[in-house]
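Below you'll find the structure, written out as C-alpha coordinates, and then a few comments.
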Amino acid sequence: MHEWALAEAVVSAASEVVEKSGMKKVASINIGLGELQQVDLEIFKFALSQLLSGRLKDAKIKIRKTRARLKCRVCGCRWLFSKTGLDKSSREAIHFVPEIAHAFVRCPECNSPDFEVEQGRGVWIENIVGKKRCD
Amino acid sequence: MIDPRTAIIDERLKNVRNVIAVSSGKGGVGKTLVASVLALILARNGYKVGFFDLDFTSPSSHVVLNIGNEQPKEEKGIVPPQIHGLRFMSVVYYSAGRASSLRGSETSDAFIELLAVTKWGNLDYLILDMPPGIGDVTLDLLRFVQNVKFLIVTTPSRLAFETVGKLLDLLRETKNPVVGVIENMQTQESTWIRSQVEAKGFSYLGALPFDSELEQNIGNIDGLLNTQFGKNLKKIIENLFLKNAFLEKRKVGC
(Lines give C-alpha, C1' and ligand atoms only; values in the text may rest on other atoms or scores of the structure.)
Protein backbone atom coordinates (compact mmCIF):
# COMPACT_ATOMS: atom_id res chain seq x y z
CA MET A 1 0.00 0.00 0.00
CA HIS A 2 3.07 2.20 -0.23
CA GLU A 3 1.68 2.86 -3.74
CA TRP A 4 -0.85 5.20 -2.10
CA ALA A 5 1.93 7.43 -0.79
CA LEU A 6 3.45 7.64 -4.28
CA ALA A 7 0.04 8.36 -5.81
CA GLU A 8 -0.50 11.14 -3.25
CA ALA A 9 2.84 12.63 -4.28
CA VAL A 10 1.83 12.54 -7.97
CA VAL A 11 -1.51 14.24 -7.25
CA SER A 12 0.13 16.84 -5.03
CA ALA A 13 2.78 17.65 -7.67
CA ALA A 14 0.20 17.74 -10.49
CA SER A 15 -2.03 20.07 -8.44
CA GLU A 16 0.92 22.43 -7.95
CA VAL A 17 1.64 22.48 -11.70
CA VAL A 18 -2.02 23.07 -12.56
CA GLU A 19 -2.27 25.88 -10.01
CA LYS A 20 0.89 27.62 -11.23
CA SER A 21 0.14 27.27 -14.93
CA GLY A 22 -3.49 28.35 -14.65
CA MET A 23 -4.88 25.28 -16.40
CA LYS A 24 -8.65 25.23 -16.31
CA LYS A 25 -9.04 21.57 -16.86
CA VAL A 26 -6.56 18.72 -17.12
CA ALA A 27 -7.01 16.33 -20.01
CA SER A 28 -4.32 13.85 -19.06
CA ILE A 29 -1.45 13.18 -16.73
CA ASN A 30 1.35 11.16 -18.26
CA ILE A 31 3.30 9.21 -15.71
CA GLY A 32 6.50 7.23 -16.02
CA LEU A 33 6.92 4.16 -13.89
CA GLY A 34 10.37 2.62 -13.50
CA GLU A 35 10.66 -1.09 -13.09
CA LEU A 36 13.27 -0.88 -10.34
CA GLN A 37 10.69 0.27 -7.76
CA GLN A 38 8.31 -2.58 -8.67
CA VAL A 39 5.19 -0.50 -8.09
CA ASP A 40 1.97 -2.53 -8.19
CA LEU A 41 0.31 -0.96 -11.21
CA GLU A 42 -3.28 -1.84 -10.27
CA ILE A 43 -3.00 -0.47 -6.71
CA PHE A 44 -1.24 2.64 -8.01
CA LYS A 45 -3.91 3.29 -10.66
CA PHE A 46 -6.70 2.65 -8.15
CA ALA A 47 -5.10 5.04 -5.62
CA LEU A 48 -4.81 7.74 -8.31
CA SER A 49 -8.45 7.28 -9.34
CA GLN A 50 -9.50 7.78 -5.71
CA LEU A 51 -7.26 10.79 -5.12
CA LEU A 52 -7.93 12.90 -8.24
CA SER A 53 -10.23 15.81 -7.52
CA GLY A 54 -10.93 19.41 -8.53
CA ARG A 55 -9.37 20.33 -11.86
CA LEU A 56 -7.65 16.94 -11.98
CA LYS A 57 -10.85 14.96 -11.49
CA ASP A 58 -11.47 14.00 -15.11
CA ALA A 59 -7.83 13.66 -16.10
CA LYS A 60 -6.94 10.56 -18.04
CA ILE A 61 -4.05 8.73 -16.42
CA LYS A 62 -1.53 7.36 -18.88
CA ILE A 63 1.27 5.25 -17.43
CA ARG A 64 4.35 4.29 -19.37
CA LYS A 65 6.37 1.51 -17.81
CA THR A 66 10.13 1.66 -18.29
CA ARG A 67 12.63 -1.14 -17.88
CA ALA A 68 15.35 -0.35 -15.35
CA ARG A 69 18.69 -0.05 -17.13
CA LEU A 70 21.82 -0.12 -14.98
CA LYS A 71 25.39 0.83 -15.91
CA CYS A 72 28.46 -0.20 -13.97
CA ARG A 73 30.67 2.77 -13.14
CA VAL A 74 33.72 0.52 -12.85
CA CYS A 75 33.69 -1.59 -16.04
CA GLY A 76 31.00 0.15 -18.08
CA CYS A 77 28.77 -2.94 -18.38
CA ARG A 78 25.12 -2.15 -19.08
CA TRP A 79 22.33 -4.52 -18.08
CA LEU A 80 18.61 -4.64 -17.37
CA PHE A 81 17.45 -5.02 -13.79
CA SER A 82 15.73 -8.28 -13.04
CA LYS A 83 14.12 -9.17 -9.77
CA THR A 84 14.81 -12.83 -10.51
CA GLY A 85 17.50 -14.00 -8.13
CA LEU A 86 16.49 -11.53 -5.42
CA ASP A 87 14.63 -12.90 -2.41
CA LYS A 88 11.30 -11.43 -1.29
CA SER A 89 12.75 -9.20 1.42
CA SER A 90 15.39 -7.74 -0.94
CA ARG A 91 12.74 -7.05 -3.58
CA GLU A 92 10.56 -5.35 -0.96
CA ALA A 93 13.47 -3.27 0.31
CA ILE A 94 14.19 -2.02 -3.23
CA HIS A 95 10.48 -1.30 -3.65
CA PHE A 96 10.53 1.05 -0.64
CA VAL A 97 13.95 2.63 -1.27
CA PRO A 98 15.20 1.90 -4.82
CA GLU A 99 18.76 3.01 -3.89
CA ILE A 100 18.97 -0.02 -1.60
CA ALA A 101 19.52 -1.96 -4.83
CA HIS A 102 23.17 -1.07 -4.21
CA ALA A 103 23.12 -3.43 -1.21
CA PHE A 104 21.73 -6.37 -3.17
CA VAL A 105 22.53 -5.99 -6.88
CA ARG A 106 26.00 -6.41 -8.37
CA CYS A 107 27.45 -5.79 -11.82
CA PRO A 108 27.17 -9.09 -13.73
CA GLU A 109 30.65 -8.57 -15.19
CA CYS A 110 32.82 -7.30 -12.32
CA ASN A 111 30.58 -7.74 -9.25
CA SER A 112 30.80 -4.05 -8.30
CA PRO A 113 27.98 -2.36 -6.31
CA ASP A 114 28.96 0.95 -7.95
CA PHE A 115 26.41 1.30 -10.73
CA GLU A 116 24.18 4.01 -12.06
CA VAL A 117 20.45 3.63 -12.68
CA GLU A 118 20.37 5.12 -16.17
CA GLN A 119 16.61 4.81 -16.47
CA GLY A 120 13.61 3.25 -14.79
CA ARG A 121 14.19 4.13 -11.12
CA GLY A 122 10.82 5.16 -9.67
CA VAL A 123 7.78 7.32 -10.39
CA TRP A 124 7.82 10.58 -12.33
CA ILE A 125 5.41 12.84 -14.16
CA GLU A 126 6.32 13.09 -17.84
CA ASN A 127 3.86 15.87 -18.60
CA ILE A 128 0.40 17.21 -17.88
CA VAL A 129 -1.88 18.03 -20.78
CA GLY A 130 -4.63 20.57 -20.26
CA LYS A 131 -6.42 23.63 -21.49
CA LYS A 132 -5.16 27.08 -20.59
CA ARG A 133 -7.66 29.41 -18.95
CA CYS A 134 -9.10 31.78 -21.56
CA ASP A 135 -10.05 34.72 -19.31
CA MET B 1 9.89 15.61 -16.24
CA ILE B 2 8.63 16.32 -12.73
CA ASP B 3 9.75 14.51 -9.59
CA PRO B 4 6.46 14.23 -7.68
CA ARG B 5 8.03 13.27 -4.37
CA THR B 6 9.14 16.73 -3.32
CA ALA B 7 5.59 18.07 -3.54
CA ILE B 8 4.35 15.90 -0.67
CA ILE B 9 7.12 16.51 1.88
CA ASP B 10 5.40 19.46 3.61
CA GLU B 11 2.23 17.38 3.93
CA ARG B 12 4.15 14.52 5.54
CA LEU B 13 5.72 16.84 8.13
CA LYS B 14 2.80 19.19 8.71
CA ASN B 15 2.00 17.82 12.17
CA VAL B 16 5.59 17.81 13.38
CA ARG B 17 6.01 20.75 15.73
CA ASN B 18 9.81 20.85 15.85
CA VAL B 19 12.45 19.38 13.56
CA ILE B 20 15.84 19.30 15.28
CA ALA B 21 18.86 18.37 13.17
CA VAL B 22 21.71 17.13 15.36
CA SER B 23 24.59 18.06 13.16
CA SER B 24 28.30 18.73 13.12
CA GLY B 25 29.84 18.54 9.71
CA LYS B 26 32.62 16.46 11.30
CA GLY B 27 32.45 12.71 11.87
CA GLY B 28 33.15 10.98 15.17
CA VAL B 29 32.09 13.80 17.48
CA GLY B 30 29.16 11.94 19.05
CA LYS B 31 26.20 13.20 17.02
CA THR B 32 24.44 9.85 17.13
CA LEU B 33 24.81 9.49 20.88
CA VAL B 34 23.68 13.07 21.51
CA ALA B 35 20.73 12.69 19.11
CA SER B 36 19.70 9.30 20.53
CA VAL B 37 19.90 10.27 24.21
CA LEU B 38 18.24 13.63 23.48
CA ALA B 39 15.34 11.78 21.84
CA LEU B 40 15.05 9.38 24.79
CA ILE B 41 15.06 12.23 27.33
CA LEU B 42 12.30 14.02 25.42
CA ALA B 43 10.22 10.83 25.16
CA ARG B 44 10.67 10.11 28.87
CA ASN B 45 9.39 13.60 29.58
CA GLY B 46 6.12 12.88 27.83
CA TYR B 47 6.76 14.35 24.39
CA LYS B 48 5.85 12.61 21.17
CA VAL B 49 9.19 12.04 19.51
CA GLY B 50 10.33 10.76 16.13
CA PHE B 51 13.90 9.80 15.26
CA PHE B 52 15.25 9.69 11.72
CA ASP B 53 18.76 8.36 11.10
CA LEU B 54 19.97 10.26 8.04
CA ASP B 55 23.29 8.51 7.77
CA PHE B 56 22.41 6.35 4.79
CA THR B 57 25.82 4.76 4.29
CA SER B 58 26.89 4.25 7.92
CA PRO B 59 23.80 4.24 10.16
CA SER B 60 24.44 3.34 13.80
CA SER B 61 21.61 4.80 15.89
CA HIS B 62 19.79 1.44 15.74
CA VAL B 63 22.68 0.00 17.76
CA VAL B 64 22.64 2.83 20.33
CA LEU B 65 18.87 2.50 20.69
CA ASN B 66 18.76 -1.30 20.51
CA ILE B 67 16.02 -1.29 17.90
CA GLY B 68 15.65 -5.06 17.57
CA ASN B 69 13.54 -6.66 14.86
CA GLU B 70 10.65 -4.21 14.59
CA GLN B 71 9.70 -3.10 11.07
CA PRO B 72 7.71 -0.14 9.72
CA LYS B 73 4.06 -0.75 8.88
CA GLU B 74 2.54 -0.02 5.50
CA GLU B 75 -0.53 2.18 5.85
CA LYS B 76 -0.84 4.15 2.62
CA GLY B 77 2.82 4.99 3.22
CA ILE B 78 5.38 3.88 5.77
CA VAL B 79 4.65 4.28 9.48
CA PRO B 80 7.79 3.97 11.62
CA PRO B 81 7.41 1.63 14.59
CA GLN B 82 7.28 3.00 18.13
CA ILE B 83 10.37 1.72 19.96
CA HIS B 84 11.37 2.90 23.47
CA GLY B 85 8.84 5.71 23.07
CA LEU B 86 10.32 6.88 19.74
CA ARG B 87 8.98 6.57 16.20
CA PHE B 88 12.21 5.26 14.73
CA MET B 89 13.15 5.43 11.05
CA SER B 90 16.37 4.30 9.43
CA VAL B 91 17.58 2.79 6.19
CA VAL B 92 18.67 -0.27 8.23
CA TYR B 93 15.13 -1.62 7.97
CA TYR B 94 15.87 -2.16 4.29
CA SER B 95 19.60 -2.84 3.97
CA ALA B 96 19.48 -6.19 5.83
CA GLY B 97 22.82 -5.57 7.51
CA ARG B 98 24.60 -5.19 4.16
CA ALA B 99 26.77 -2.26 3.09
CA SER B 100 24.69 0.41 1.36
CA SER B 101 27.40 2.05 -0.73
CA LEU B 102 25.63 5.09 -2.14
CA ARG B 103 27.03 8.03 -4.03
CA GLY B 104 25.85 11.55 -3.24
CA SER B 105 22.99 11.71 -5.74
CA GLU B 106 21.79 8.27 -4.60
CA THR B 107 21.84 9.33 -0.96
CA SER B 108 19.81 12.35 -1.98
CA ASP B 109 17.27 10.16 -3.80
CA ALA B 110 16.95 7.79 -0.82
CA PHE B 111 16.42 10.75 1.54
CA ILE B 112 13.77 12.35 -0.67
CA GLU B 113 12.03 8.97 -1.09
CA LEU B 114 11.78 8.42 2.66
CA LEU B 115 10.69 12.02 3.29
CA ALA B 116 7.93 11.51 0.72
CA VAL B 117 6.54 8.21 1.98
CA THR B 118 7.14 8.23 5.76
CA LYS B 119 4.06 9.08 7.79
CA TRP B 120 5.20 10.58 11.08
CA GLY B 121 1.78 11.64 12.36
CA ASN B 122 1.66 14.08 15.30
CA LEU B 123 5.05 14.72 16.85
CA ASP B 124 6.36 17.32 19.26
CA TYR B 125 9.91 16.65 18.12
CA LEU B 126 11.48 14.96 15.13
CA ILE B 127 15.17 14.41 15.89
CA LEU B 128 17.39 14.03 12.83
CA ASP B 129 20.69 12.23 13.27
CA MET B 130 22.70 13.90 10.53
CA PRO B 131 25.57 12.25 8.66
CA PRO B 132 29.05 13.75 8.77
CA GLY B 133 29.89 16.27 6.10
CA ILE B 134 28.14 19.33 4.74
CA GLY B 135 26.95 17.51 1.64
CA ASP B 136 23.84 16.20 -0.02
CA VAL B 137 21.74 15.40 3.04
CA THR B 138 22.41 18.78 4.66
CA LEU B 139 21.65 20.58 1.40
CA ASP B 140 18.48 18.52 0.79
CA LEU B 141 17.35 19.17 4.34
CA LEU B 142 17.77 22.93 3.85
CA ARG B 143 15.99 22.69 0.50
CA PHE B 144 13.03 20.47 1.29
CA VAL B 145 12.27 20.71 5.01
CA GLN B 146 11.06 24.02 6.30
CA ASN B 147 12.04 25.58 9.63
CA VAL B 148 14.59 23.07 10.80
CA LYS B 149 16.48 24.02 13.96
CA PHE B 150 20.10 22.87 14.19
CA LEU B 151 21.73 21.53 17.32
CA ILE B 152 25.46 21.44 16.68
CA VAL B 153 27.89 18.99 18.25
CA THR B 154 31.67 19.44 18.37
CA THR B 155 34.55 18.01 20.36
CA PRO B 156 37.19 20.19 22.03
CA SER B 157 39.51 19.46 19.09
CA ARG B 158 40.53 22.21 16.73
CA LEU B 159 40.23 19.64 13.97
CA ALA B 160 36.53 19.20 14.72
CA PHE B 161 35.86 22.91 15.05
CA GLU B 162 37.61 23.58 11.74
CA THR B 163 34.53 22.04 10.07
CA VAL B 164 31.95 22.93 12.73
CA GLY B 165 32.84 26.60 12.34
CA LYS B 166 32.20 26.38 8.60
CA LEU B 167 28.83 24.71 9.18
CA LEU B 168 27.88 27.53 11.58
CA ASP B 169 28.89 30.11 8.96
CA LEU B 170 26.80 28.30 6.33
CA LEU B 171 23.74 28.14 8.59
CA ARG B 172 24.06 31.85 9.29
CA GLU B 173 24.23 32.58 5.55
CA THR B 174 21.18 30.41 4.87
CA LYS B 175 19.37 31.98 7.84
CA ASN B 176 18.66 28.63 9.47
CA PRO B 177 18.15 28.78 13.23
CA VAL B 178 20.85 27.23 15.39
CA VAL B 179 19.76 26.22 18.89
CA GLY B 180 23.39 26.20 20.02
CA VAL B 181 26.59 24.20 20.22
CA ILE B 182 27.35 21.31 22.59
CA GLU B 183 30.98 20.47 23.31
CA ASN B 184 31.19 16.69 23.59
CA MET B 185 33.97 14.45 24.96
CA GLN B 186 35.63 17.21 26.95
CA THR B 187 38.70 15.81 28.71
CA GLN B 188 39.93 18.96 30.44
CA GLU B 189 38.54 22.37 31.32
CA SER B 190 38.97 24.81 28.47
CA THR B 191 37.15 27.86 27.21
CA TRP B 192 38.50 27.64 23.66
CA ILE B 193 35.36 26.16 22.04
CA ARG B 194 33.08 28.49 24.00
CA SER B 195 35.06 31.52 22.87
CA GLN B 196 35.06 30.37 19.24
CA VAL B 197 31.31 29.71 19.27
CA GLU B 198 30.46 32.98 20.98
CA ALA B 199 32.80 34.93 18.69
CA LYS B 200 30.65 33.70 15.81
CA GLY B 201 27.53 34.91 17.62
CA PHE B 202 26.08 31.51 18.50
CA SER B 203 25.08 30.04 21.88
CA TYR B 204 27.49 27.71 23.65
CA LEU B 205 25.13 25.34 25.45
CA GLY B 206 27.64 23.45 27.60
CA ALA B 207 30.16 20.65 27.78
CA LEU B 208 29.71 16.90 28.10
CA PRO B 209 32.82 15.49 29.81
CA PHE B 210 34.24 12.30 28.29
CA ASP B 211 32.34 9.41 29.89
CA SER B 212 34.25 6.13 29.94
CA GLU B 213 31.07 4.25 30.95
CA LEU B 214 29.11 5.31 27.89
CA GLU B 215 30.35 2.56 25.56
CA GLN B 216 29.26 -0.25 27.85
CA ASN B 217 25.75 1.24 28.02
CA ILE B 218 25.19 1.36 24.28
CA GLY B 219 21.94 -0.44 23.58
CA ASN B 220 20.83 -0.23 27.21
CA ILE B 221 18.17 2.49 27.32
CA ASP B 222 17.97 2.97 31.10
CA GLY B 223 21.72 2.61 31.35
CA LEU B 224 22.29 5.35 28.76
CA LEU B 225 19.97 7.76 30.54
CA ASN B 226 21.73 7.07 33.83
CA THR B 227 25.27 7.64 32.57
CA GLN B 228 26.97 10.89 33.47
CA PHE B 229 26.65 11.71 29.76
CA GLY B 230 22.86 11.26 29.90
CA LYS B 231 22.51 13.29 33.09
CA ASN B 232 24.71 16.10 31.80
CA LEU B 233 22.87 16.20 28.48
CA LYS B 234 19.56 16.47 30.32
CA LYS B 235 20.90 19.45 32.29
CA ILE B 236 22.02 21.16 29.07
CA ILE B 237 18.76 20.69 27.22
CA GLU B 238 16.25 21.15 30.00
CA ASN B 239 16.06 24.89 29.56
CA LEU B 240 15.73 24.49 25.81
CA PHE B 241 13.62 21.52 24.84
CA LEU B 242 11.86 20.62 28.07
CA LYS B 243 9.98 23.91 28.18
CA ASN B 244 6.63 24.29 26.52
CA ALA B 245 7.67 27.63 25.06
CA PHE B 246 9.87 25.75 22.60
CA LEU B 247 6.91 23.91 21.24
CA GLU B 248 5.57 26.71 19.14
CA LYS B 249 4.37 25.08 15.96
CA ARG B 250 6.62 25.08 12.91
CA LYS B 251 5.51 27.28 10.10
CA VAL B 252 5.02 25.37 6.87
CA GLY B 253 4.19 26.74 3.45
CA CYS B 254 5.53 30.27 3.90
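Chain A is the first sequence line, chain B the second, and so forth, proteins listed ahead of strands; every chain is numbered from 1.
For A:Asn30, no part sits under 4.5 Å from any heavy atom of chain B, backbone or side chain. Contacts between A:Glu16 and chain B at a heavy-atom distance below 4.5 Å involve the side chain alone, from C-beta outward. Heavy-atom distances place the side chain of A:Val17, and not its backbone, under 4.5 Å from chain B. Only the backbone of B:Ala99 comes within contact range of chain A, judged by heavy atoms closer than 4.5 Å.
Checked by atom type and distance alone, the side chain of B:Asn184 pairs as donor or acceptor with a backbone atom of B:Val29 at under 3.5 Å. Listed for the A:Arg91 side chain is a donor-acceptor partner under 3.5 Å among the backbone atoms of A:Leu86.
Note on A:Arg55 versus A:Glu19: salt bridge recorded, some NZ/NE/NH1/NH2 to OD/OE distance being below 4.0 Å.
At least one side-chain heavy atom of B:Ile78 sits less than 4.5 Å from a side-chain heavy atom of A:Phe96.
A side-chain contact (heavy atoms from CB on, under 4.5 Å) with B:Phe241 is found for one member of B:Asn45, B:Leu151, B:Ile127, B:Asp124 and no other, namely B:Leu151.
The aromatic rings of A:Phe115 and A:His102 lie parallel to each other, their planes meeting at an angle below 30°, with 60° marking the opposite boundary.
Annotation: maximal heavy-atom pairing with chain A below 4.5 Å, among B:Arg5, B:Lys119, B:Arg103, B:Arg12, occurs at B:Arg103. For the options B:Ser95, B:Ala7, B:Pro4, heavy-atom pairs under 4.5 Å to chain A are most numerous at B:Pro4. Ranked by heavy-atom pairs shorter than 4.5 Å toward chain A, the options B:Val91, B:Leu102, B:Asp3 are led by B:Leu102. Chosen from B:Pro72, B:Ser105, B:Ala110, the residue pairing most often with chain A at heavy-atom distances under 4.5 Å is B:Ala110. Heavy-atom pairs under 4.5 Å with chain A peak, among B:Leu114, B:Thr6, B:Thr107, B:Asp109, at B:Asp109.
If you check the side chains of A:Gln37 and B:Glu113, you find a donor sitting under 3.5 Å from an acceptor.
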